[in-house]
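Notes follow once the structure below has been shown.
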Amino acid sequence: MSVRVRFAPSPTGHLHIGTARTALFNWLFARKEKGTFILRIEDTDLERSKKEFEVSILDDLRWLGLDWDEFYRQSDRLSIYREIAEKLLSEGKAYECFCTKEELEKLRGKGYDRRCLKLSEAEKETLRKERKPAIRLYVPKDGETRFNDYLHGELCFQNNVIDDFVILKSDGTPTYNFSVVVDDIDMRITHIIRGEDHISNTPKQIHIYNALGIETPIFIHIPMILGQDKAKLSKRHGATSIGEYRSMGYLSEAMVNFLALMGASYNDKQVLSLEELVEIFSLENLSKNPAIFDIKKLDFLSQEHIRRKSIEALTQLTIQFLKEKRLEHWTIDKSYLTRVLSILQTRIKTLKDVIIMGDYFFTEEFSRDVEIPIEEKKRLNYILPELVDALNKVDDWNATNLENKTRTFIAEKMLDSRWFLQSLRIIISGKKVTPSLFETLEVLGKEKTIDRIKKGMD
RNA sequence: GCCCCCAUCGUCUAGAGGCCUAGGACACGGCCCUUUCAAGGCCGAGACAGGGAUUCGAAUUCCCUUGGGGGCACCA
């Protein structure tokens, strides 16, 4: 039997880091096993589901490189859930519940007391005229529910901790636990890979499988991703959606690599492409400990993946990124951009670093992280005009010639080269860290270089 | 409150009774290279939560404690 897995996000927000990792593991497993990866939008919560979030989630999945073989939307399948719920109702495995919100509120924490199970046919008939009933599954109070989880082994829940939960709401839409099971059966899902927060839903779902007389798939509950404070990763930990990281200029390869590394291991190898991950992925690689989100590791991976890009590919990605940041005017001279990137490539962690660390290549409005102290400026004002003269005489403007010329100048004037070169760096870039100074000057060009040195003298 | 899950360096993890004086990666520290900041190279520090039990032998098995996390909706 071939593997069929699904990723089932609800469109109530943007694609979250943890959710994305669940998608990734499902996808990797499907691709590795030559199976089918199904994308199912769980939009039965009419209140909170938004089309724009669905669009955003699909977009982020594509960005990550996760494609799907089949696509479903639960809102298109409402009649199916109703039909199955009716079936369970007619078989006596489920019953109608006429309780109001207020009545249920009083039962909070105590569990549902089955008051509607005791209703007579006549009473139900009267109530039906007043309001639409919800449908609850009848869950036996005695015994226990056991199931096997691939990572956690045999898990056991006492049935008396499970309520007769609602499967169909009074508005005719299914609840999560119900639609999931109906769909997983209908879509012939073989392995359910999902977050550990669903472990406690599983016994409920198993009761539905049992009521329907269907065998359960294999469950694999993967650990959560936590914030630095070890609490479930949430908004207060900062950026938690894939889109935010994309906007920060992380490469999708880095994101995928990072997600795959959290809660799993692959023979000590760390930097891996999506293709390599498919190759080595196995359920046995999964860990059962929760993982803390560590952005330092993401930074490292992003840097590594940037280094692995060809200069052409990196240029393309940067053009795209700068467009998104409304800096397309930086990309007009593509060959210049490529030259800038060729010397920046080994020292940027994200595409955004092109803007942060390399703005001086593109604009005179570049940021100044450091300023030269006044006393030093006085000394420089004295020296710089002569340097300008010297540089003006450089005809073939390349790093080697520039270095020779400058070092000769330093020697003649008996300057401290560390001090002088660093001052020069600050004058032309406003930064204390740049690529090799002479390469930087070469790329920047004669005109801009001399212009900035002159400006630096005022 | 009830139910459930988890527990190795700061972080991600390797480890399925002797290969463990516990391995790797990130981060961190130091040194080297360099009459430029970086980058790069080399080296280093750093963990089996605690207590019992089983065993000739336990990071690895079992129990308890502690700690952390998750779930208990006509949300998903």
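What's counted below: heavy atoms across the whole structure, side chains too, no hydrogens, waters or symmetry copies. Keep in mind that what you see is a predicted model, and the values were worked out from it rather than measured. Letters A, B, ... are given to chains in the order of the sequence lines, protein chains preceding strands, and every chain is numbered from 1.
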Would you call the rings of A:Tyr209 and A:Phe219 parallel, tilted or perpendicular, where under 30° means parallel and over 60° means perpendicular?
perpendicular
With A:Asn404 via side-chain hydrogen bond (donor to acceptor under 3.5 Å, both in side chains) - residues at least two apart:
none
Has [X] got a side-chain N or O lying under 4.0 Å from the OP1 or OP2 atom of [N]?
X	N	value
A:Lys169	B:A76	yes
A:Arg307	B:G40	yes
A:Arg418	B:C37	yes
A:Thr346	B:G40	no

[X] [atom1] to [N] [atom2], straight-line distance once rounded to whole Å:
X	N	atom1	atom2	value
A:Asp197	B:G68	CG	P	20 Å
A:Glu154	B:C5	CD	P	11 Å
A:Gln422	B:C37	CD	P	7 Å
A:Glu144	B:C3	CD	C1'	14 Å

Run A:Lys309 and A:Gln345 through side chain to side chain donor-acceptor pair (under 3.5 Å) and show every step you take.
CA-CA 9 Å; A:Lys309 288 279 171 206; A:Gln345 184 166 20; over 6 Å; no
How long is the span from the CG atom in A:Asp164 to the CZ atom in A:Arg115, to the nearest 0.5 Å?
13.0 Å
Taking side-chain hydrogen bond (donor to acceptor under 3.5 Å, both in side chains) as the criterion, tell me which of A:Arg128, A:Lys124, A:Lys132 meets it with A:Glu96.
A:Arg128
Both distances below 3.5 Å, Watson-Crick or wobble geometry, any strand: find the nucleotide opposite B:C19.
none
Sugar-phosphate or base contact per nucleotide [nucleotides 6-14 of chain B; S, B, -; heavy atom under 4.0 Å]
SSS--SBSS
Just by distance, no angles: are the side chains of A:Asp183 and A:Tyr81 close enough, under 3.5 Å, to form a donor-acceptor pair?
yes
Can you figure out which of B:A76, B:C37, B:C3 approaches the side chain of A:Asp45 most closely?
B:A76
Considering only heavy atoms, which members of residues 128-141 of chain A lie under 4.0 Å from some atom of RNA chain B?
A:Ala134, A:Arg136
